[in-house]
Structures are given as C-alpha cells and as structure tokens.
Amino acid sequence: MRQPILKPRSDGLIESDQAVTLPIMAPRLQGELHAEGWADLALWGEGDLGRLRFSALEGPYVYFPNGLTDAGAGGVFAAQEAPVMVIRGATYRGFTPSKRCANWDRSTHPKARVRREKTRRRIDLQWAVVLIEQRGEDLVVSSGADLAEADRALHFSVDTIVGEALAYAAHCDRMPEADPVMRSMVMQGTHAGLSSVRRDERGRFDGLAAGLHYSAPARTYYRDGYWTLQLLLGLAPSIVHEEIEILASGLQPDGEAPSGVIVSGTEQARAWEELRTTAFGMDWIHTRSIDWWSDHFDSPLFFVLAIGDYVRTTGDLEPAERHWPLVKAVFDRYRELSEMGLPVKPRHERDWADNVYRGGFVAYDLGLWVGVLDVIVKLGAKLDPALGKTAKALAVETRAALETHLWRGQIWPADYHAPEGLAEVEPTLEDHLTLDSLTLLRYDAVSEARALQVLEAVRRRLETRHNQDQGFGDWGMMCAYPPFKHRADVRSKSAFAFRYHNGSDWPWLDGVYAEERLRRGLPGWRYPLVAWWEHCLKEGWLGAVEYFSPPWGRGSLLQGWSGLPAAVALKHRETVLAGDPD
C-alpha cells in the first residue's frame, strides 16, 4: 500500500514532500495555488482574475489553512482583513488576465489593460483590479472591485499579511489535545466553515459560500449554509444571524425558496442577469434575479431549522419574531402539499440530491419537516400559541404516518416511496439505505428502537470497512447502497454507480451519522469522523473536500458544509478526546 501524500503533524499542520494544490479562501480573495509556480485567483462577488506565475518554492512543504511554508524561508500567506497575499521567496514570472468574469459569462468585455506603475504592475479588468508588487524576495498580490480596494490592500506590510495568516491558522486549531489525524481534521474543517464567511468590498457580510467551485455567480445556499452554520453557532453566532437575514430575502410569501440566494457584485450580477434572461430555459430554472435554482423542496425547511438552532443556542428571539410570517408561510405550504399525512415531494431533482428525481414521500425531506414542526412548537409557545398547538398535534400525526409509509418490512426507511393514490406522482419505491435518511434520527422523527436498527444497518452496509460487496476496499462512507435501481430517476453525475449522490462519500453526511452515534453513547463514531479525511491525506487533497469515491475522484476543495465533522467533534469534545473503544 502506498504511503499517504500528506502527513498530519502533532501540531495539526500537514507536511508533504511534494507540492499539492492549496485552496485559498479569505473573505474576499480566493483561488487555487501550486507551489511549483502558479495560482488561479478570483475575487468573491466579482469573478475570476487570472493566472499568476511565479518561481517555484522548494519542498518539502508544510501546509496550514490558507498558506504554506517551504524548505527555506519561503511560503504563501493570505491576509484576512483585505484581499492581499504574499508569496515569500518567489519572483514574479507573469500574469494572464481572465477574459471573462466566469466560465458562463457570454458578455463582451474590453481587453484587460496591463501596465507598469513605478514598482507595481496594474491589471484593469472590467469587473476588478489586480495589483502586483515585487518587494525584494517577496511577491505581493492584491485585488479589489475597484482601484481603491486593491490599493488599500497593497499597502499592507508583509509582516502584517504574514501575521494575519498565522493568527487565522492558529484560530482554526480548535482541538490541540487530539491526535494528529483528529487535530488536523478539526483544524481543516474549522477552516472550511470559517472561510465560507464572505465579505463585500466594504467589509460587510456577504453570505456563506458553499465552496471554491460554487462562487460564480456568488451565492449562498439554504442547505449548505445550514450545515455550515453548525460550526459557526459556537464560533461566530452573529454570522448565523446575518446569514438568516440573507436567506430571508429569498423566501417568498407563499413559503417557497430557491436553492440559494445570489449576492454577486455589480458586473457579475449584470453578466448573470444577461445570461438568465437570454439563454433558452434559464429563466425557467432561475425565475427571479436573485434566485439560484428556484423552488427547492428542502430550502424553506432549512430556513426554519436555522432560526430554531440560532434561538436555542443564543436565546435571542429577534430573528424568529421578525420572520414569523415566513415561518408560518412555510408551515402552511407543506401542510397544503400533504397527502396521507405527509408532505409530498413532486418528482423533480430539487432538494440536496439534485441529480435524482425523487418523488412522493422522501425520507430526507420528511425528517427535516418533523424538525420544523418541533421548532414551531417550541417557538410558538412564546410567539404564537395557537400555531404551536396545531404544529404539536401535526407532529404526532406525522410521526405515525412515517411508520406507515416509509418502513416496508425493512429495518431502515425507504429512500423515497410514492404509494398508489398520490396525486400527480407515479407510484415508485426506492428502498436502498441512504445516509441522508438520518435526518429522521437527527430530528427524533422515529422511535429509539427504530433509530438503533437504522444505525446498525448503516454500520454494516454504508461503512465500506464492513461492506466488501462494494468492491473498492476500505475508503470511507457511502451515501447510498446499493446504487439506485430506477435508472430513469438519476441523471448527470449520479447516473453512475458510486458517483455523487449514488454512493460517494460526503463528509457532511458522515458528520450527521457520527453525531447520531455520539449522542447515544454508541462506539464507532471515529470512523465517520476521520475516514474521509484519511482518504484525503492519502490522495493529497488538501482541505475539506465536497465528496469523493475511488472510481470517480473528488469534487470541490474547501467545501463549507464539509466542516460538519469538525463541528461534531467539537460539540462532543470530551467523548472524542477520551477515544473510541470501537
């Protein structure tokens, strides 16, 4: 067996003899950098900037959140307070400006203007400005939505940039007592959550980014944001409050919400609106200018759950009071969608499994619905006793209906089931085991006896260490097994077995599973917390990846909701530090 490309150290940092891609996400500046001499850079809300080329840094390397050090005095350091970074021990080799703000941008833009101004190079794009300055052996790169922002950033001293970068990395080190694998996982997972917090050119909160590859158009998602804020509730609750406000702007009076809310800057927003309104079918998918993929079945539910988590954690009722009409609209919407006692999802791909046409009673969505009912019961006791009483009665009925319609003689619930008699949904049954059905356990929608049965089934069937039938050895968790049997229900990446929603390892789902074991005092929680991270180390994937599987590779680097295992470890700190007897 080959050795892992990346090795976690006792201090939580990661070392490697070979250069790997370093994902960078600061509040404004972002990109992917390789120590062999290149970096693809972008500016949040504005768009792609271009490719920077510089002299290679010498290995071996030590990686930390948003930075690295090399064998000499060189390294990469990104600031937090301004969009600027320094590459120490490197010489400028060139910069190729982006021709478009994003790969989907069909606008005609003037050619970027590149010029020398005394000691610096200035690149003027229609949507941003890049400034590059060689300061002895240090290469400093800044950017901004305009010259003023870029110029302010360039005025940061190298010591200030390095100091901010190192202080940020130290802030991400939340479990220094843990072993190297767990400590580094928590450090990188915390980085994934904190780095999702984005800012506009004036320093104002501009949403939680899903990840590096989900930034154009700049948008913030309901579901990704919800799982990301589980970490932020403990570290930065004021950010959770601000995220709720942005998500509220996308929720409609009838309780409908898109997958995400677009928060792009002026030029990127203009380019996106041109595409949305002129490309065939785009305005049908994104029906409003701020919508990213309108009418997602799970999004309104996450909005209410986020409010409930925020109030429970902080005791601050203000968001719940102000947005209570929206909470009531969500309640009314799903009650109207109900048949046979449960909300019916139309046969479309608009929830987290957005490559799968799930219809009828979907276990994942129904678990969220029960969670929403319980939030309304609790908040309604103070804000709306009549609605709280109605929700309480409905929660009892819903739990009973789940037992009737999701359990089909198995010890786990069906993924989705459309029985005979549902209006506008053809009868279907997909009864394989899925990790996303654990929302039923997370929100106590099933009995404890059922929950224990499901967790044992997940252990035997979805932990690859215990399932030799899947054929790829021990590589982490599968989100579903066996693969979908209804070929017409899957599309795009999920049409392939073990890819994307059809069996890949998704760290956020691993975190959901680990917490269900931890909160019940069950052993076996460490495997879902760190097996995915050990695979990343083996493959040389730095940071919390979006998803992966052996036959198909990985998704985006530095995905916000992939910080959930870190959040779970921190929440159950004493148990995690005591060790897993499994």
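In this chain, numbering begins with 1 at the start of the sequence shown.
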Taking only residues two or more places apart in sequence or in another chain, which ones pass salt bridge (charged side-chain N to carboxylate O under 4.0 Å, His left out) with [X]?
X    : result
R135 : E133
R120 : E117, D151
E164 : none

- Task: Any pair with a residue in residues 80-90 that passes side chain to side chain donor-acceptor pair (under 3.5 Å), sequence neighbours left out, goes on the list, sorted by first then second residue, please.
- Result: R88-D138

- Task: Scan for ring-ring contact (aromatic ring centres under 6.0 Å, His included) pairs involving residues 164-213, sequence neighbours excluded, and state none if there are none.
- Result: Y168-H191

- Query: Does N355 have any side-chain contact (heavy atoms from CB on, under 4.5 Å) partners at least two apart in sequence or in another chain, and if so, which?
  - Reply: R491, S492, K493, S494, Y500, H501

- Message: I'd like to check the side-chain contact (heavy atoms from CB on, under 4.5 Å) partners of S55; sequence neighbours left out, ordered by chain and number.
- Response: A90, T91, R93

With sequence neighbours left out, write down each residue that passes ring-ring contact (aromatic ring centres under 6.0 Å, His included) with [X], or none if nothing qualifies.
X    : result
W272 : W104, H286, W292
F54  : none
F548 : H535, W541
H572 : none

- Query: So do Q188 and I14 actually touch side chain to side chain, heavy atoms under 4.5 Å?
  - Reply: yes

- Message: For a quick check under 3.5 Å, do S562 and E546 share a side-chain donor-acceptor pair by atom type?
- Response: no

Kindly list each side-chain donor-acceptor pair under 3.5 angstrom involving residues 473-484, sequence neighbours excluded, with atom names and distances?
| residue | atom | partner | partner atom | Å |
| --- | --- | --- | --- | --- |
| D474 | OD1 | Y527 | OH | 2.5 |
| W475 | NE1 | Q470 | OE1 | 3.0 |

- Query: Relative to the ring of W127, is the ring of H109 parallel (under 30°), tilted (30 to 60°) or perpendicular (over 60°)?
  - Reply: perpendicular

- Query: Is the shortest side-chain N to carboxylate O distance from E177 to R183 below 4.0 Å?
  - Reply: no

